[in-house]
Each structure stands twice: as C-alpha cells, then as structure tokens.
Amino acid sequence: MSTSTLAVQGGTPVRTTGFATWPIYDDLELNLLKEVLESGKWGGAGGSGKAGYKPKLPQMEEQFAQLHGAKHAVSVVNGTVAITVALQAAGVRSGDEVIIPPYTFIATATAALAYGVIPVFADIEEDTLLIDPEKIEALITPKTKAIIAVHIAGAPANMTRINEIASKHGLVVIEDAAQAVGASWDGQGVGSIGDLGTFSLQSSKNLNAGEGGIITTNNTDLWQNAWSICNVGRIPNGGWYQHEKLGQNYRMTEFQAALVLAQMTRLEQQMQLREQNAARLEAALAQIEGVKLLKQDARVSRHAYHLYMFKLGPELAKRNVKDEFIKRIQAEGIPVSAGYVPLNRNVAVLDATEAWTGTRTVYECPVCESMCADEVLWLTQNVLLSDSQAIDDVAEAVSKVAKSFL
Ligand SMILES: *Cc1c(COP(=O)(O)O)cnc(C)c1O
C-alpha cells in the first residue's frame with residue numbers, strides 16, 4: 001500500500017511512537033521534596049520547621065517574580081483562584097463588569113463569576129486568536145472595572161494598546177498568563193505589564209507543581225491586598241490573629257514550592273527547545289497548501305509556546321472539514337485537538353451571568369466562533385518538547401492529510 005494512503009483508510013500511520021513524556025523530573029525534585037518532608041514545615045504559614053531549614057515558598061516567589069520582571073509574587077492554590085484574588089485585590093466588586101476574550105479556558109470567566117463579577121466578551125483577532133484591543137472600547141459601560149488580557153498558548157496579547165485603553169478609561173488590567181510562564185511583550189515580562197498578572201502551575205502547564213498558582217505585581221499596595229486575601233485577611237508582618245480584611249486560606253504548600261524551584265531550573269532550556277521546534281514546524285507548515293499559520297506581532301519578544309496553534313486555510317475552512325481533518329491527523333499518530341469552544345456561548349457562563357444580573361446577555365463574537373468551528377487546531381503542550389524527528393512527523397502528517405482534501 002502506498003505511504004500516501006491515509007491511516008483512517010487502513011494506510012500506515014506517519015508516526016507510531018509517542019511524544020516527549022510529561023512531567024519531567026529527576027533527583028532534584030526528589031531531594032527537594034525530601035528536604036521539605038524532613039523539615040517538618042509542610043505548609044505555607046506558621047512554624048519554621050527544623051533549625052536551619054530555609055522555607056521554599058519565599059524563595060520560589062522571589063525567583064518567579066524576578067523571572068517576569070515583577071517586584072512581588074504571591075503563591076496561591078491554583079490559577080483560577082489567582083484570577084479571583086487579583087480581581088479582588090484590585091478592588092473589583094460584585095456587580096462590576098470585566099472585559100475578557102471568548103477564546104480562553106473557562107476559568108478566566110468563572111474566576112470572576114465566582115463572586116458576581118460579570119464577564120463581558122470582546123472578540124479576538126483572527127490572525128493571533130488574542131483579544132482584539134479595538135473591540136474593547138465599545139463594550140465599556142459605567143460598570144466596567146477591569147480588562148483581563150489572556151496570553152493564550154503563551155503568546156502575549158497587545159499589552160501596549162490594552163494599557164492605553166485602560167488608562168484612558170480608568171480600568172484595571174489583569175494579565176491571565178496561565179499559559180505564558182517566561183513570555184514577554186516588547187521586552188517586558190508578562191505578569192509585570194498590567195496591574196497584576198496571574199499564572200497557573202497546574203500539571204499541564206509549562207511549570208508543573210501538580211496544582212498551584214501565582215499572582216505577580218509591581219504595585220506594593222496590590223501585593224499587600226492579594227497577600228491578605230490569600231492569608232485569611234492577615235497583613236504582612238502583622239499578628240497571627242490580626243485580620244484586617246476579608247480573606248480566605250488560599251496558600252500553597254512547601255511541597256509545591258519545592259517542585260516549582262526544581263522545574264524552574266529546567267525552564268530556560270525547555271523554552272529554548274519549544275522555540276526551536278516551533279520554528280522548525282512553522283517552516284515546514286508554511287510550505288503546506290491548505291493550512292495557515294498564526295501571525296505574531298513584532299513586539300512579542302518571547303512566546304512561551306505552551307501550545308502550538310495553527311489553522312486550516314480559507315479553502316478548507318469554508319468546507320467545514322475541521323472535525324474530519326482532526327480525525328485523519330489523529331489516525332496518523334499526531335495528538336492534534338480542536339481546542340476551545342467559544343466561551344461567550346458557554347451555558348454555565350450564561351446561566352451564572354443570568355443568575356447574578358437577572359438578564360441573559362449573549363455577546364456576539366463572530367471571529368472567535370468561526371475560528372473555533374472551522375479553523376483552529378492545537379498540538380498539545382508536550383509535542384514541542386520532543387525531538388526534531390517528531391516535529392518532522394507532525395509536518396508530514398499535516399501535509400499528507402491536507403493533500404487528501406485538495
Ligand atoms: C489553566 C488556565 C487557568 C486556570 O488555572 P488552574 O491552575 O487550572 O486553576 C486560567 N486561565 C487559563 C488561560 C488557563 O490556561
């Protein structure tokens with residue numbers, strides 16, 4: 001049988017071996033975890049553990065802040081709570097509105113809805129899949145208090161324009177950088193460009209602590225607010241039973257900080273590998289008729305390549321063949337996925353919004369909706385950590401499947 005026979009039709013798949021395994025760890029994780037275990041200091045507050053033990057959370061927070069050029073970092077239980085806390089720290093209240101993109105993980109919306117902050121959806125740019133700054137101003141009402149820019153797949157949103165619009169209208173800017181550890185816009189680390197940044201350390205993200213989140217900021221007042229909210233309303237350097245504002249216990253453990261410290265030692269090398277592989281894949285995909293690459297603004301000084309996203313070209317997009325395209329590529333042994341569905345139409349988000357406001361409002365986001373339905377394809381986060389043969393196999397499979405549609 002010819003190698004061009006599709007695997008879905010009984011042909012030989014392009015790839016029969018897997019991709020890079022994830023998570024990645026070695027003795028460093030083992031040693032640091034053992035150190036935490038034996039120190040007796042397992043939690044994030046109270047007690048200092050065995051004599052001589054240096055708590056890992058403050059070290060990790062300091063390094064993480066530094067990595068993004070931020071003055072402060074507060075660790076929290078996960079990336080979803082990080083967004084809720086960032087909104088609360090910035091003074092966003094129940095009933096206020098926050099402008100977010102519809103092309104993101106559901107947590108960007110639910111983190112707001114968790115306490116009655118209403119997500120308002122600004123459509124995305126067709127070329128980047130990031131929030132379109134030019135769609136923001138028309139959505140601003142007297143209730144609008146914040147914009148959450150999401151750096152989806154690790155590509156920074158247009159922070160220059162977003163900050164400009166926010167300052168004109170007196171809005172807070174939060175960067176949801178859950179997928180963008182290590183990325184930068186115009187030379188500035190994500191999470192340090194808006195008023196606050198939020199990150200996720202959930203197991204699929206580029207820094208893996210199993211679960212976890214981080215809030216970053218350059219503003220000392222916002223840092224204090226965020227810290228208090230995560231520490232049952234205590235204040236930094238205050239008394240144990242001195243609770244000055246409403247807070248919860250959102251603290252991470254020392255074990256998670258140990259994992260992050262270890263994972264951070266490999267981050268730069270992994271980022272470089274992701275960048276090299278993305279460039280290799282990009283060069284190959286650019287030659288294939290039927291697919292289209294995303295564009296990158298020249299001010300994206302570093303892309304974190306958490307995911308690799310590309311699109312079907314206009315001809316195939318018009319034919320509504322995305323699902324069949326994915327089925328054929330998957331059969332070739334390549335983990336391609338359909339990605340997000342438009343959050344502006346998600347039933348849970350619409351129901352929760354209606355419950356808080358009493359009205360059911362659907363924000364139209366035609367670009368996002370057609371991208372989700374007919375165009376965008378993802379490669380999962382471990383693919384770009386594989387070797388160059390794996391990348392060539394991805395390109396070969398895409399080429400083989402694209403040809404089958406032409
Ligand atoms: C993963 C993710 C979150 C939520 O992080 P968790 O740690 O899973 O709570 C929020 N926003 C985006 C864009 C994400 O990818």
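In each ligand, atom 1 is the first atom listed, and ligand 1 is the first ligand listed. Along the sequence shown, the residues carry numbers beginning at 1.
Below 30°, between 30° and 60°, or above 60°: for Y305 and H303 the angle between ring planes is below 30°, a parallel geometry. Using cut-offs of 30° and 60° on the angle between ring planes, the pair H68 and F199 is tilted.
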Within the protein, flag every N or O under 3.5 Å from an N or O of ligand 1, and note the pair and distance.
residue  : atom   : partner : partner atom : Å
ligand 1 : 5 (O)  : S200    : OG           : 3.3
ligand 1 : 7 (O)  : G79     : N            : 2.8
ligand 1 : 7 (O)  : S200    : OG           : 2.6
ligand 1 : 9 (O)  : G79     : N            : 3.3
ligand 1 : 9 (O)  : T80     : N            : 2.9
ligand 1 : 9 (O)  : T80     : OG1          : 2.5
ligand 1 : 11 (N) : D176    : OD1          : 3.3
ligand 1 : 11 (N) : D176    : OD2          : 2.8
ligand 1 : 15 (O) : Q179    : NE2          : 2.9
ligand 1 : 15 (O) : K205    : NZ           : 3.0

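In this view, Y340 and Y103, W378 satisfy the ring-ring contact (aromatic ring centres under 6.0 Å, His included) rule, not counting sequence neighbours. Partners of E125 under the side chain to side chain donor-acceptor pair (under 3.5 Å) rule, at least two apart in sequence or in another chain, are T128. Considering only residues two or more places apart in sequence or on other chains, T265 meets the side chain to side chain donor-acceptor pair (under 3.5 Å) condition with none of them.
Residues F310 and K292 form no side-chain contact, since every pair of their non-hydrogen atoms from C-beta on lies 4.5 Å or further apart.
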